[in-house]
Amino acid sequence: MKFATWNVNSLAVRLPQLLDWLAANPVDAVVLQETKLSDDKFPQAEIEAAGYHVAFHGQKTYNGVALLTRGHLAEKVVKNIPNHGDDQARLIAGTLGNIRIIGGYFPNGQAPDSDKFVYKMKWLDALREWLRAELAEHPQLVLMGDFNIAPEDRDVYDPVAWAGQIHCTPEERAHFQGLLGLGLHDAFRLFEQPPKSWSWWDYRELRFRKNQGLRIDHILVSDALKSRVTACTIDKLPRKNERPSDHAPVVVELALA
DNA sequence: ATGGCGTACATAGTACGA
């Protein structure tokens, strides 16, 4: 069983790349971020024609998330964090078999002294409290998405330059550790990985060509799933496309129960 | 040098991303 997360940075632009990627990588579920489409513009028919059911929660211009599942419709779909007032479309969850799948586009935060950082902290607080309840109800749970947090210095191409900057602040990293504290595990770090593994590279300054990026897209698995995880990889191939997203997909593989 | 690139929308210069 394979699950993936991908920040596509506009599904309107990246739909052909998504369909190509799914044809080459027939995962059981994928969560998308930054679809940047209101629900009336979502390409549901094209995705269904590719063999995927889809639930989506979007808005015009910014944000927007989707959950694609192959073969089965996701059940008990939730859009955004319940009981957390939010006018930004940033979260979608659904159940596939016995596994709760949550896809999130975590707030960027812009700068540590900004209002957007305050919003990010509140969003992370609400996420943690809701996840605590979700985990109690669904012990087999996967949390995937664009976290906009580089958990450790080894997730940053230049940790000195990025020290204290957005994605690398102690507050953001404490939140990431807080999620692990709920009984979640960073699937990527369950395995030996190449050094300088990133999931995002700035479009500017030839960052991809120089392999200077951040690892900010993550897949966390619950205690109950940890022993089933057999691999977790970042697929850099789509970043080599013409007109790529600035993020690469992250994929996790689980042994059948 | 606070920009460099890419995306969306008030389709022209801004806002935003990370």
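So you know, we letter chains A, B, ... as the sequences are listed, proteins then strands, and number each from 1. Note that the structure is predicted; figures quoted are calculated from it, not measured.
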Taking only the side-chain nitrogens and oxygens of A/Gln110, find out if one of them lies under 4.0 Å from OP1 or OP2 of B/dG17. yes
Contact under 4.0 Å: A/His167 side-chain N or O vs B/dG17 OP1/OP2: no
Ion pair present between A/Asp202 and A/Lys210, side-chain N to carboxylate O less than 4.0 angstrom? no
Report the nucleotide, chosen from B/dG17, B/dC9, B/dA18, that has the shortest atom-to-atom distance to any side-chain atom of A/Lys60. B/dC9
Evaluate the side-chain proximity of A/Asn25 to A/Lys2: yes if any heavy-atom separation is below 4.5 Å, no if none is. no
Scan A/Gln165 against the nucleic acid and name what it touches under 4.0 Å (heavy atoms): base, sugar-phosphate only, or nothing. nothing
Please determine if a side-chain N or O atom of A/Ser10 lies less than 4.0 Å away from the OP1 or OP2 oxygen of B/dA8. yes
Using whole Å, what does the distance between atom P of nucleotide B/dT7 and atom CH2 of A/Trp200 come to? 15 Å
Just to confirm, is there a sub-4.0 Å distance from OP1 or OP2 of B/dA18 to any side-chain nitrogen or oxygen of A/Tyr105? yes
Quick check: do A/Glu152 and A/Asp186 have side-chain heavy atoms less than 4.5 Å from each other? no
Check the orientation of A/Trp198 and A/Tyr157. Use parallel for under 30°, tilted for 30 to 60°, and perpendicular for over 60°. perpendicular
Pick the C1' atom in B/dA18 and in B/dG4, then give their distance to the nearest Å. 14 Å
With no hydrogens and no angle check, just 3.5 Å: does a side-chain donor-acceptor pair link A/Trp21 and A/Asp235? yes
Would you indicate what A/Asp146 reaches in the nucleic acid, counting non-hydrogen atoms under 4.0 angstrom: base, sugar-phosphate, or nothing? sugar-phosphate
Nearest-angstrom distance from the residue atom NE2 of A/His247 to C1' of B/dG17: 8 Å
A/Asn108 side chain near B/dA18 phosphate (N/O to OP1/OP2, under 4.0 Å): yes
Measuring to OP1 and OP2 of B/dA18, would you say a side-chain N or O of A/Asn7 lies under 4.0 angstrom away? yes
A/Arg14 side chain, from C-beta outward: closest of B/dA18, B/dC9, B/dG6: B/dG6
If the P atom of B/dA1 is compared with that of B/dC16, how far apart are they to the nearest Å? 25 Å
Do A/Asn148 and B/dA18 have a side chain to base donor-acceptor pair shorter than 3.5 Å? no
Phosphate oxygens OP1/OP2 of B/dA18: is one of them under 4.0 Å from a side-chain N or O of A/Arg204? no
Taking atom P of B/dA18 as reference, at what distance in whole Å does atom CZ of A/Arg173 sit? 17 Å
Whole-Å P distance, B/dG3 and B/dT14: 13 Å
Nearest-Å distance once atom C1' is located in both B/dA12 and B/dT7: 15 Å
Mind calculating the distance between CZ (A/Phe208) and P (B/dG6) to the nearest angstrom? 14 Å
When we call it a touch if two heavy atoms are under 4.0 Å apart, what does A/Leu206 touch: a base, just sugar-phosphate, or nothing? nothing
Among A/Gln33, A/His167, A/His218, the one residue meeting side chain to side chain contact (heavy atoms under 4.5 Å, CB included) with A/Asn148: A/His167
Could you tell me the separation between the NZ atom of A/Lys210 and the P atom of B/dC5, rounded to a whole number of Å? 12 Å
Please give, in whole Å, the distance from B/dT7 C1' to A/Asp246 CG? 10 Å
Atom P, compared across B/dA10 and B/dA15: separation rounded to whole Å: 15 Å
Using the P atom as the reference point in each nucleotide, state the distance between B/dT11 and B/dC5 in Å, no decimals. 23 Å
Please step through side chain to side chain contact (heavy atoms under 4.5 Å, CB included) for the pair A/Val54 and A/Phe42, ending with a clear verdict. CA-CA 10 Å; A/Val54 62; A/Phe42 194 90; 3.7 Å; yes
Between A/Lys116 and B/dA18, is there a side-chain N or O to OP1/OP2 distance below 4.0 Å? no
Residue pair A/Ala12/A/Trp162 against DNA chain B: nearer the 5' end by closest nucleotide is A/Ala12
Would you kindly give the CD-to-C1' distance between A/Gln33 and B/dA18, to the nearest whole Å? 14 Å
Measure CD/A/Glu205 against C1'/B/dG17 and give the value in whole Å, please. 15 Å
Go nucleotide by nucleotide along DNA chain B from the 5' end; which of A/Gln88 and A/Arg243 gets its closest nucleotide reached first? A/Arg243
